[in-house]
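Structure record follows, encoded as structure tokens.
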There are 2 protein chains.
Amino acid sequence: MTQIKAPAAKEPSVSSAVSTINDVARLAGVSIKTVSRVMNDEPNVREETRTKVKEAAARLHYRPNLLARSLAGSRSFLIGLLYDNPSSSYVIDLQQGVIERCRQSGYHVLSEPQDSLAPDIGRAIASLLATIRLDGVILTPPLCDMAVVLDAVEAAGVPYVRVSPSLFPGRSALVEMDDTQAAYEMTQFLLGQGHRDIGFVRGHPEHGSSHRRYDGFIKAMHEAGAEPHSRRIAQGFNSFASGLEAAKALFMDAGNLPTAIFASNDEMAFGVMAYAQQTGVRVPDQVSVVGFDDTPGSMIIWPHLTTIRQPVTDLAYAAADMLLSRASADEDAPNFSDTRRELPFELVMRESAKAV
Amino acid sequence: MTQIKAPAAKEPSVSSAVSTINDVARLAGVSIKTVSRVMNDEPNVREETRTKVKEAAARLHYRPNLLARSLAGSRSFLIGLLYDNPSSSYVIDLQQGVIERCRQSGYHVLSEPQDSLAPDIGRAIASLLATIRLDGVILTPPLCDMAVVLDAVEAAGVPYVRVSPSLFPGRSALVEMDDTQAAYEMTQFLLGQGHRDIGFVRGHPEHGSSHRRYDGFIKAMHEAGAEPHSRRIAQGFNSFASGLEAAKALFMDAGNLPTAIFASNDEMAFGVMAYAQQTGVRVPDQVSVVGFDDTPGSMIIWPHLTTIRQPVTDLAYAAADMLLSRASADEDAPNFSDTRRELPFELVMRESAKAV
DNA sequence: CTGAAAGCGCTTACAG
DNA sequence: CTGAAAGCGCTTACAG
């Protein structure tokens, strides 16, 4: 690859473009310690001095060097987002929310995708945390349910928050939504629409949320005295293809279709809808279809998908807030690891489901 | 928000968990300068000494502190990804590719979403670059076409690469694909399938790629002597809703439908397909529909969408490689800003288009 | 081939 | 209310 000169800089000398705390101190006629005090909004500075320093800083376009602050101080102003998630919209929404909150506090976010299947993931994370002193880490599924990952983060002494963990309750601060209740309410919604014969597509058996969603479904069906026959339950793996396969099984007997299908996630619901369309089953006229997650796809298929909206952005806000308030609190503020926030989901009614 | 004690660390003292260059030097019985040489794979170290240092580093689980390296040296090992893009899959794919490449070189990536509509975006970026000394910046549309953004990056003296810019050719290193040619080939594909009466949904007029795609379409149609009537051209704005509206216009006369519709992006193609479905127009039997971008949605609708795959990951690789090779090269290697790489697109044939 | 010194730009701990 | 000194963990520039 060819490479040559950097784009012409506006300043004669690149290095002269950035001013340091020394420049500000000199211009304001104070010590660098005083400049530091002003920049960090510390008390015990005469108002007149404060003004003088602020003016000097403004004139020089001074911005404290984050790296230098990190090295000298006890904070790095860096939060790590560790993920290994196949859903781009989930990751991007979460990341966006975390960045938004961090920015307000002068923090930056390091996105660090991880391969949860890698045998040395524990060492990889330990190495990462040794290389960059992070002030906090956010862990998403499936990483947040892996003991080796939690061990590594804890060994490094970095505070962390888990998003929607399924395992090790109480081991750390966490944010989550109630999958079971959401599936329960979605099922109740279907029942309320007059559906009694409802098929269910289970999610990937290794995801904790799959089981919670199934439980919520069964609970509602049970309460309604409408326990599904086992042939109304299909096993999926969270993919479009597995949804298609599940639909094939659930629609086996064309003369005896369920009136609704509840897929454990949107992706599988799309598979069900595609299969229905291919075989001439009309949605929602013959069969209602609902999903779970409210991915972007639910608004681009027709009929638009009725689904459960995960509060991804709010989960991100909450996780970031926990970390940030811990970072600015006393080193040993008590009970951080007991912090737990449950955020509300939302049942989004669209066109893929209707009353029977 | 409550916050309390950090998760119990494995080590008695958190600070003792991380070893420094001094620890390694002491254990190996050498100076820190020698440790530095070994860690950076510099020459002029006796093999025996090198081994001794490596062993000491391994025993102490030593990882050089990135922040300290940054402050002392001329490199920060940090690359910034600046974006303001509504498509989560585009952003995540690009980010993933950039991170992957950076990781191999010991670099980390700071994702910095920007509001391209903010009036002070130039100052925001200048401030960011003053706060964190980045070794390089990657700019995506629409940021890469904003003079105020380029000015800020250049003023900071940070090397940068633009991804798919439409404006200011030659102002910087860039990676891109040929939108015009892609649209041209997609149109030729349709023509080759026997379509002559092809409708077109134009993209958002403020996106440079919209015009290039339109040009490619027109060129192919012209060459085939099949110039479209103006009522076969609809204006969209890259959204699902605008695709739906466009379809309404293009399908106005039910007795005289085009045999194919080429939408400038997938999102609008989905809108066209939804409208077709709502009005009983069968895709692809009555009308073929094709899109552009190969977003995840193209695989969850039925029929799956025939579209153009942007080489997003490869664009990311190429952009990162340019920056990384520049970072490890001489400060003034010539012509970096002339570097330009064009990557091949791919025509992905799926079920939404068929021969007439 | 190896090392002692200085310094990157800040904050900490202390003194006044 | 303010500042001089030391130090964070490295690399640079220089000396031998």
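Every chain is numbered from 1, with letters handed out A, B, ... down the list of sequences.
When Watson-Crick and G-U wobble pairs are counted only if both distances are under 3.5 Å, D:dG16 pairs with C:dC1.
Distance NZ (B:K33) to C1' (D:dG16): 15 Å, rounded to an integer number of Å. Taking atom CD1 of residue B:I21 and atom C1' of nucleotide C:dT2, one finds them 14 Å apart after rounding to whole Å. Note: CG (A:N65) to C1' (D:dG9) measures 14 Å, nearest angstrom. For B:R26 and C:dA4, the CZ to P distance is 14 Å, given to the nearest whole Å. Atom NZ in B:K52 sits roughly 14 Å away from atom P in C:dC1 (whole-Å rounding). If you take CD of A:E47 and C1' of D:dT2, they are 15 Å apart, rounded to a whole angstrom. Rounded to a whole Å, the CG atom of B:L67 is 10 Å from the P atom of D:dC10. Note: CG (A:L60) to C1' (C:dG9) measures 15 Å, nearest angstrom.
The listed nucleotides are C:dT2, C:dG9, D:dT2; the one nearest the side chain of A:R46 is D:dT2. If you check D:dC1, C:dT11, D:dG3 against the side chain of A:N40, the one that comes closest is C:dT11. Ranking D:dG7, D:dT11, C:dT2 by closeness to the B:A72 side chain, first place goes to D:dT11. Here D:dT2 is the nucleotide among D:dT2, C:dC10, C:dC1 with the atom lying nearest to any side-chain atom of A:V45.
Remark: the A:R37 side chain and the D:dG3 base include a donor-acceptor N/O pair separated by less than 3.5 Å. Between the side chain of B:R63 and the base of D:dG9, no donor-acceptor pair under 3.5 Å is found.
Remark: A:S31 is in phosphate contact with D:dG3, judged by side-chain N or O atoms under 4.0 Å from OP1 or OP2. Proximity of B:S36 to the phosphate of D:dT11: a side-chain N or O atom is located under 4.0 Å from OP1 or OP2. For B:T49, no side-chain nitrogen or oxygen approaches OP1 or OP2 of C:dC1 to under 4.0 Å. The phosphate of C:dT2 has neither OP1 nor OP2 within less than 4.0 Å of any side-chain N or O from B:T34.
In this model, no donor atom of one side chain and acceptor atom of the other lie less than 3.5 Å apart for A:Q114 and A:Y83. Using modelled atom types, one finds a donor on one side chain and an acceptor on the other under 3.5 Å when comparing B:S172 with B:R162.
The backbone N or O of B:S127 sits less than 3.5 Å from a side-chain atom of B:T131, completing a donor-acceptor pair. Side-chain N or O atoms of B:S325 include one that pairs as donor or acceptor with a backbone N or O of B:D321 at under 3.5 Å.
Using a 4.0 Å heavy-atom criterion, one finds that A:N22 contacts no nucleic acid atom at all. B:S74 comes within contact range of the sugar-phosphate backbone alone, with a heavy-atom separation under 4.0 Å but no base atom that close. Residue B:S70 is out of contact with every strand shown, counting any heavy-atom pair closer than 4.0 Å. When heavy atoms are screened at a 4.0 angstrom cut-off, B:I32 is found touching base atoms of the nucleic acid.
Heavy-atom nearest nucleotides on DNA chain C were determined for B:R133 and for B:N44, and the one closer to the 5' end corresponds to B:N44.
Between B:R171 and B:D151, at least one side-chain N (NZ, or NE/NH1/NH2) sits under 4.0 Å from a carboxylate O, which counts as a salt bridge.
Looking at heavy atoms from C-beta onward, A:Y160 lies in side-chain contact with A:E154 at the 4.5 angstrom threshold.
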